[in-house]
S.K.: 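Can you keep this structure in mind? I'll have questions shortly.
Every chain is numbered from 1 and lettered A, B, ... according to where its sequence line falls, protein lines coming before strand lines.
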Number of protein chains: 2
Amino acid sequence: MPRTSDARERLIASALELIYQRSYAEVGVQSLCERAGVKKGNFYYYFDSKQDLLVQALEMRSQELRRMLAPVFDKDVPASSRIETMFKQIYFDQKSYKNKTGQVRGCLFGNLALELSTRDERIRKRVDAIMQALMELVEETLKELIRTGELPEIDTTASAQAVVAFLEGVILFAKLRNDPELILTLAKVAKSITLAHHEQSQSFEDIV
Amino acid sequence: MPRTSDARERLIASALELIYQRSYAEVGVQSLCERAGVKKGNFYYYFDSKQDLLVQALEMRSQELRRMLAPVFDKDVPASSRIETMFKQIYFDQKSYKNKTGQVRGCLFGNLALELSTRDERIRKRVDAIMQALMELVEETLKELIRTGELPEIDTTASAQAVVAFLEGVILFAKLRNDPELILTLAKVAKSITLAHHEQSQSFEDIV
DNA sequence: ACTATAGTTGACCGGTCGGTATATGTCAAT
DNA sequence: ATTGACATATACCGACCGGTCAACTATAGT
């Protein structure tokens, strides 16, 4: 039997929209249903719980992220500009949302990481896995730069971690200031992060 | 007439504890009162609203932060090691909390920045101001390093911004992984961030 | 001892929370 | 035409939400 209802999809879309803009705790099942045009009793036909909906919405959104980042980390874009391009891509994303709604909503995964990491182990693990996947894209890029001699032999895992942490921090500030331009301003700093690890406990003079 | 009750202080302490560990939306006035040993009706004798309590708690916590960071940014610690020392200090803070409770709680201001920036303008402004103050400590450090020739002439405002953004990103990951060691690992990357801005649109080779 | 005020209390408000139970409507394959 | 899965709807649960209020008690300063 074919699916004949898109209520599930509408609920996931509503969850993505509302939880992204507000927060998980602040968005009730009721408002989710209202936005999706679904009666509350019907909600639990499609999802075991509010948490279950979030898990499935997270899956959807992580695929969106993958799709958005695919051209950025594609083989035909030079490795040396991928990370900066990623920052720019995220900048455009945040900016277009601000143009629509007046608000910078930040990174859904970052938002949920801080809201739910200490409260919901299942969500924590999913968000962690998504971040891990992003880090692997960055790490692959770094490895390629080492292969081509554009980067020295550094700890690619730690450096990729640092780049993604910086990205999340930058997005946090963009949300706090409600100013997407900040992402663009700080994007160029990102590449310097990759150079830190092989310098160990060097003083500033040694680097300069 | 002198103050004869510490209920206000107990409520603020409870708010700091509970909101830090859970989130603003998830912690109700009721649970706040239970922890502080105060009846709910009494809560509104001391605070206009739950939001009002958070504002005042934020004030308290920002003073704690200032006190915690004062020795780090003191004149008798060399400017070249202040930023790294700040990371270490925050590492110890997060680690001691994890030893007590089993959880990395992250940065209260970062948590609230992501949870409430789009929802509560008053809180947003307060958190922004606190972040700004931290950035100024970092910026003063950078200026001193330039004065002593340990750093080239860079855009200190943007670099300080980048350092604090990185810090917040690192803390976010520590919370997501529930692993404070991450802060220590990534601390050494911080200094390289300050070197990025005067490199403009340089390629990786130019830096290496 | 009195009194003004600081502090406390419990009952109550309308509304929402996540979740459940159950009856019914819809449609395709047999 | 009947079956059975898909799908929707209504009504309800106890608990909790942030917030209000009038009545009360405890105490410090006189």
S.K.: Is any side-chain N of the basic residue among B:D120 and B:R124 closer than 4.0 Å to the acidic one's carboxylate O?
M.R.: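 A salt bridge is absent here (no side-chain N lies under 4.0 Å from a carboxylate O).
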S.K.: Check whether any side-chain heavy atom of B:F166 lies under 4.5 Å from a side-chain heavy atom of B:V189, and answer yes or no.
M.R.: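 Yes, side chains in contact.
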S.K.: Provide, to the nearest angstrom, the distance between the CZ atom belonging to B:R10 and the P atom belonging to C:dG7.
M.R.: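 Result: 11 Å.
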S.K.: Take the protein atom OH of A:Y46 and the nucleotide atom P of D:dA5, then report the distance between them rounded to whole Å.
M.R.: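 Those two atoms, OH and P, are 16 Å apart.
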S.K.: Counting just side-chain N and O atoms, does B:T4 come under 4.0 Å of either OP1 or OP2 of C:dG7?
M.R.: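 Result: yes.
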S.K.: Would one find a side-chain N or O of B:Y45 under 4.0 angstrom from OP1 or OP2 of C:dT9?
M.R.: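 B:Y45 to C:dT9 OP1/OP2: no side-chain N or O under 4.0 Å.
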S.K.: What integer distance in Å separates A:R8:CZ from D:dT8:C1'?
M.R.: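 After rounding, the gap between these two atoms is 17 Å.
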S.K.: Measure from the side-chain N and O atoms of A:E84 to the backbone N and O of A:A187, and report whether any donor-acceptor pair falls under 3.5 Å.
M.R.: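 Looks like no, no N/O pair under 3.5 Å.
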S.K.: Does D:dT8 have OP1 or OP2 under 4.0 Å away from a side-chain N or O of A:K39?
M.R.: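 No, because none of the side-chain N or O atoms of A:K39 sits under 4.0 Å from OP1 or OP2 of D:dT8.
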S.K.: Any donor-acceptor pair under 3.5 Å linking the side chain of B:Y91 with the backbone of B:T185?
M.R.: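 Pair absent, no side-chain N/O of B:Y91 close to backbone of B:T185.
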S.K.: Can you check each nucleotide of nucleotides 17-23 of chain C against protein heavy atoms at under 4.0 Å and return B for base, S for sugar-phosphate only, - for none, in 5' to 3' order?
M.R.: SBBBB--
S.K.: With heavy-atom distances below 4.5 Å as the criterion, would you say the side chains of A:F173 and A:L186 are in contact?
M.R.: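 Side chain of A:F173 against side chain of A:L186, heavy atoms only: no contact under 4.5 Å found.
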S.K.: Are any of the side-chain nitrogens in B:E26 or A:R119 under 4.0 Å away from the carboxylate oxygens of its partner?
M.R.: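 Yes, charged N to carboxylate O under 4.0 Å.
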S.K.: Less than 6.0 angstrom from the centroid, inside 45 degrees of the normal: does A:R8 satisfy that with respect to the ring of A:Y46?
M.R.: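 So A:R8 doesn't make the cation-pi contact.
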S.K.: When the distance from CD1 of B:I19 to P of D:dG18 is rounded to whole Å, what number comes out?
M.R.: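 The distance from CD1 of B:I19 to P of D:dG18 comes to 10 Å, rounded to the nearest Å.
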S.K.: With 3.5 Å as the limit, what N/O pairs link the protein to nucleotides 24-26 of chain D?
M.R.:
none

S.K.: Please give, in whole Å, the distance from D:dA7 C1' to A:L11 CG?
M.R.: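 It is 13 Å, rounded to the nearest whole Å.
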S.K.: May I ask you to check if B:K50 and B:Y44 form a cation-pi contact, with NZ or CZ under 6.0 angstrom from the six-membered ring centre and within 45° of the axis?
M.R.: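 Negative - B:K50 is either too far from the ring of B:Y44 or too far off its axis.
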S.K.: Does this structure show an ion pair linking B:R82 with B:E144, if we count only N-O contacts that are shorter than 4.0 Å?
M.R.: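 So B:R82 pairs with B:E144 through a salt bridge.
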S.K.: Just compare D:dA9, C:dT9, D:dT8 and give me whichever is closest to any side-chain atom of A:A7.
M.R.: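 Side chain of A:A7 sits closest to D:dT8.
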